[in-house]
Amino acid sequence: MNELCFMGYKVNKKTKYFLPGTILFSNEKEVITVSMIRDAVDYILGIIATYSQLEEPYKTAKVMFGAIKMMLENKKPSRLNKTDIKTEVGALEKIINLSAKSENERVQNARSAFLCKLTIDRFAGMPTM
């Protein structure tokens, strides 16, 4: 892995294709694989589905997470702009705060949000990953 770092994780810049076991990020304590990011995206999309699909932040978040999922499936989504990304991050934080009904859910929400934010920070604005 090259020494590019985000949020305390080294980034695997040599990734050309995303297989479930492909390591995208790592630090001394853990590795984060494509399947872990995909699970986090699916989890967040599930939460988004329970909220009003008509509210703009949720629609934008759904598009953003759908684009991340497409990239992880080696497809080429449309390029998103920084305004979309900022809207998505705001919606993500709102979702995390509103959706948790227990401490375990809060922990899972925070972990999924972290994995998604890590991926967004690294790959945002790129036409492909």
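Quick caveat: nothing in here was measured; it's all calculated off a predicted structure.
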Inset, instruction - Could you tell me which residues satisfy side chain to side chain donor-acceptor pair (under 3.5 Å) with Asp42, sequence neighbours excluded, listed by chain and number? - result: Lys69
Inset, instruction - Could I get the full list of side chain to side chain donor-acceptor pair (under 3.5 Å) partners for Glu103, not counting sequence neighbours? - result: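 Arg106.
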Could you pull out the closest heavy-atom pair between [X] and [Y], with the gap in Å?
{"X": "Pro20", "Y": "Arg38", "result": "CG-NH1, 4.5 Å"}
{"X": "Ala67", "Y": "Pro77", "result": "O-CG, 3.5 Å"}
{"X": "Ile44", "Y": "Cys116", "result": "CG1-SG, 4.1 Å"}
{"X": "Val31", "Y": "Ser26", "result": "CG1-CB, 3.8 Å"}

Inset, instruction - Supply the atom-to-atom distance Ser35 OG to Phe18 CZ, rounded to the nearest 0.5 angstrom. - result: 13.0 Å
Inset, instruction - Report yes or no: does Asn74 contribute a side-chain atom to a donor-acceptor pair with the main-chain N or O of Tyr17 at less than 3.5 Å? - result: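 Checked: no pair found.
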Legend entry - ring pair (Phe, Tyr, Trp, His ring centres under 6.0 Å): pairs with one or both residues in residues 92-121, sequence neighbours excluded: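 Listed by first then second residue: Tyr9-Phe114.
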Inset, instruction - Using side-chain contact (heavy atoms from CB on, under 4.5 Å) as the criterion, list what pairs up with Thr22, not counting sequence neighbours. - result: Thr15, Leu19, Leu24, Val34
Inset, instruction - Kindly write out the residues that satisfy side-chain contact (heavy atoms from CB on, under 4.5 Å) with Asp39, not counting sequence neighbours, or none if the list is empty. - result: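 Asp39: no side-chain contact (heavy atoms from CB on, under 4.5 Å) contacts found.
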Legend entry - Counterpart residues, salt bridge (charged side-chain N to carboxylate O under 4.0 Å, His left out), relative to Glu105 (two or more places apart): none
Inset, instruction - Not counting sequence neighbours, which residues clear salt bridge (charged side-chain N to carboxylate O under 4.0 Å, His left out) with Glu30? List them please. - result: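 With sequence neighbours excluded, Glu30 shows a salt bridge (charged side-chain N to carboxylate O under 4.0 Å, His left out) to Arg111, given in chain and number order.
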Legend entry - Side-chain touch Ile32/Ile23, heavy atoms, less than 4.5 angstrom: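 SC-SC contact between Ile32 and Ile23 ruled out.
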Inset, instruction - Flag yes if Phe25 and Tyr43 sit in one hydrophobic cluster, no otherwise; membership is Ile, Leu, Val, Met, Phe, Trp, Tyr, and two members link when side-chain heavy atoms are under 4.5 Å apart. - result: yes
Inset, instruction - Consider only side-chain heavy atoms of I, L, V, M, F, W and Y, link residues closer than 4.5 Å, and tell whether Leu45 and Leu115 are in one cluster. - result: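 Yes, one cluster joins them.
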